[in-house]
Amino acid sequence: MKSLVCKEPFQLILEEREKPQPKENEVQLKIAAIGICGTDIHAYAGNQPFFEYPRVLGHEASGVITKLGKNVDKFKVGQRATLIPYVSCGKCGACLSGKTNCCEKISVIGVHQDGAFSEYLVAPTQNILLISDNVDDVTAALIEPYAISAHAVRRAQIKAGDDVLVVGAGPIGLGAAAIAHADGANVIIADTSEERRKHIQANLPVPAVDPINEKIEDYFDGRLPLVVIDATGNQKAMNNAVNLIRHGGRIVFVGLHKGTIEFSDPDFHKKETTLMGSRNATLEDFEKVQRLMAGGKIAANMMLTHTFKYNELADIYEEEITKNRSLIKSVILY
């Protein structure tokens, strides 16, 4: 089979490798489509922490089950599926409390072990989710980033009618806004990029706001929002989050800043602020996204801007993906 291997930073090589065979409680998946994540871009550029080369990238994937390992009775050959890339230990405190998304020994397919930039992939049965017939391969490849968004929305405890501000119109911010809207919340997205605001206006049923020149309160009948989901990972934006919520409000940081954030403790306390982090996703989040996709509540175009062919990927990766300022989300088709 063909595998696209990141040998070292800035080097992607197409190699012939042995097709992986499923062991007990594993299935073999023929990859149909893969999403490109920021993690894949950072790894290519040598900026991904705790990363080892060589590595086959890719953790957002859809495909068809082509072979079953021993003791697999919940799946059949020919079924379409998506990958849940987080392999948890099942034994640590986080796993035992149901928080497999932040397992102490988590191994992410495509990051800590070889991933879906290959024709075939083997994964444990608990890391496979069947997809509905009306969810196409491209859309199914986006279930994982949407699941990260869904987890942030769930952390925020959003209910119908809640006023929600999403800061940052990258893929996760767009997904969070789309899912919160599907849950019945009043949602706006703030982003300084005019091009991204135009994407929102064309593809999402929520307002796009210029946070520099517009007042957030104007979109919520003069009030600040109850919930802020920050998907920027930007230090300045995260430091400002306390100033954007009403008293009694909630903040969820799903964007990651590799450093220190700080804000006024008196402001934090007087609002009785609830502050949460959000990491990865659980099976519950993946299942919710699959249901919303099957029901037409969320769609690929809400975050997707580009598609490419797998056999072109090594040649175009740097220019068309890592340096393409118009790209928000891309999917690779086999």
Side-chain angles (χ1 to χ4, degrees), residues 35-42 44-45 47-48 60 138 142 144-146 148-150 152-153 156 163-182 185-220 224-225 227-245 251-259 261 278 298-308 316-332:
I36 303 294
C37 175
T39 301
D40 302 316
I41 295 172
H42 296 321
Y44 173 80
N47 298 323
Q48 182 65 26
E60 305 173 0
V138 170
L142 298 176
E144 193 271 347
Y146 264 118
I148 292 176
S149 302
V153 169
D163 294 331
V164 177
L165 167 65
V166 176
V167 184
I172 303 305
L174 295 171
I179 291 168
H181 178 269
N186 304 315
V187 186
I188 66 171
I189 311 178
D191 199 286
T192 57
S193 167
E194 182 179 1
E195 188 168 3
R196 293 199 172 193
R197 293 197 302 272
K198 288 180 179 178
H199 173 86
I200 295 164
Q201 291 166 356
N203 295 284
L204 279 87
V206 301
V209 180
D210 178 355
I212 297 175
N213 298 307
E214 296 182 86
K215 289 185 177 181
I216 300 301
E217 301 96 312
D218 291 344
Y219 289 84
F220 298 120
L224 287 170
V227 173
V228 169
I229 297 176
D230 185 283
T232 66
N234 177 276
Q235 184 183 41
K236 184 177 180 180
M238 295 169 78
N239 287 347
N240 190 50
V242 173
N243 300 321
L244 297 178
I245 59 165
I251 300 168
V252 175
F253 288 152
V254 61
L256 173 65
H257 170 63
K258 299 174 185 176
I261 55 173
S278 182
I298 57 176
N301 68 294
M302 291 177 172
M303 67 170 69
L304 182 68
T305 54
H306 293 72
T307 57
F308 302 101
I316 67 167
Y317 199 87
E318 185 162 351
E319 292 298 323
E320 295 294 334
I321 295 177
T322 66
K323 296 182 179 180
N324 189 345
R325 299 301 298 272
S326 67
L327 186 150
I328 297 177
K329 187 68 178 179
S330 61
V331 167
I332 310 304

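Numbers for residues simply follow the sequence, beginning at 1. What you see is a predicted model, and the numbers here were worked out from it, not measured in a lab.
Although no hydrogens or angles enter the test, the distance criterion places a donor-acceptor pair under 3.5 Å between the side chain of Thr305 and the main chain of Ile328. Side-chain atoms of Arg197 never come within 3.5 Å of backbone atoms of Val209 as a donor-acceptor pair (strictly under, hydrogens ignored). With hydrogens and angles ignored, the 3.5 Å screen pairs no side-chain donor or acceptor of Lys329 with any backbone N or O of Gly35. Not a single donor-acceptor pair under 3.5 Å links the side chain of Tyr146 to the backbone N or O of Ala176.
The minimum heavy-atom distance between Leu204 and Leu174, with the atom names listed, is CD2-O, 3.7 Å. Heavy-atom minimum distance, Gly173 versus Val166: O-CG1, 3.4 Å. Minimum interatomic distance between Pro207 and Val187 (heavy atoms only, all atoms of both residues): CD-O, 3.2 Å. Pairing each heavy atom of Phe220 with each of Asn186, the nearest pair is CE2-O, 3.5 Å. The shortest non-hydrogen separation linking Pro225 to Leu165 is CG-CB, 3.7 Å. Between Glu320 and Leu327, the closest heavy-atom pair is O-CD1, 3.5 Å.
Taking 4.5 Å as the limit, some side-chain heavy atom of Ile41 sits within range of a side-chain heavy atom of Ile36. Residues Phe253 and Ile229 fail the side-chain proximity criterion, which asks for heavy atoms closer than 4.5 Å. Counting only heavy atoms from C-beta outward, the side chains of Met302 and Pro171 never approach each other to under 4.5 Å. The shortest side-chain heavy-atom distance between Thr307 and Leu304 falls under the 4.5 Å cut-off. The shortest side-chain heavy-atom distance between Val167 and Pro211 does not fall under the 4.5 Å cut-off. In this structure, Leu224 and Ile245 have side chains that are not in contact, with every pair of non-hydrogen atoms separated by 4.5 Å or more.
By the salt bridge (Lys or Arg N to Asp or Glu O under 4.0 Å) test, Arg196 pairs with no residue at all, sequence neighbours left out. Applying the side chain to side chain donor-acceptor pair (under 3.5 Å) rule to Glu214 yields the partners Tyr219; only residues at least two apart in sequence or on another chain are considered. Residues passing the side chain to side chain donor-acceptor pair (under 3.5 Å) test with Asp218: none are found, sequence neighbours excluded. The ring pair (Phe, Tyr, Trp, His ring centres under 6.0 Å) check on Tyr317 picks up Tyr44, with sequence neighbours excluded. The side chain to side chain donor-acceptor pair (under 3.5 Å) check on Asn240 picks up Asn243, with sequence neighbours excluded. Taking the side chain to side chain donor-acceptor pair (under 3.5 Å) definition, one finds that Asn203 meets it with His199, Asn301, sequence neighbours left out.
Counted within 6.0 Å of NZ on Lys258, heavy atoms from surrounding residues, nucleotides or ligands total more than 12; the atom is thus considered enclosed.
Between atom CD1 of residue Ile172 and atom SG of residue Cys37 there is a gap of 7.0 Å, rounded to the nearest 0.5 Å. To the nearest 0.5 angstrom, Ile189 atom CD1 is 10.5 Å from His181 atom NE2. Rounded to the nearest 0.5 Å, atoms OG (Ser149) and CD1 (Ile298) are 8.5 Å apart. A distance of 7.0 Å separates CG in Leu256 from CE in Met238, rounded to the nearest 0.5 Å. With rounding to the nearest 0.5 angstrom, the CD atom of Glu144 is 5.0 Å from the CD atom of Glu60.
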Could you go step by step and tell me if Met303 and Leu142 meet the side-chain contact (heavy atoms from CB on, under 4.5 Å) rule? CA-CA 9 Å; Met303 67 170 69; Leu142 298 176; 4.2 Å; yes

Any chance you could lay out the side-chain contact (heavy atoms from CB on, under 4.5 Å) test for Asp230 and Val252, step after step, and finish with the verdict? CA-CA 6 Å; Asp230 185 283; Val252 175; over 6 Å; no

When you look at His306 and Ser326, which way does the side-chain contact (heavy atoms from CB on, under 4.5 Å) test go after all the steps? CA-CA 9 Å; His306 293 72; Ser326 67; 3.7 Å; yes

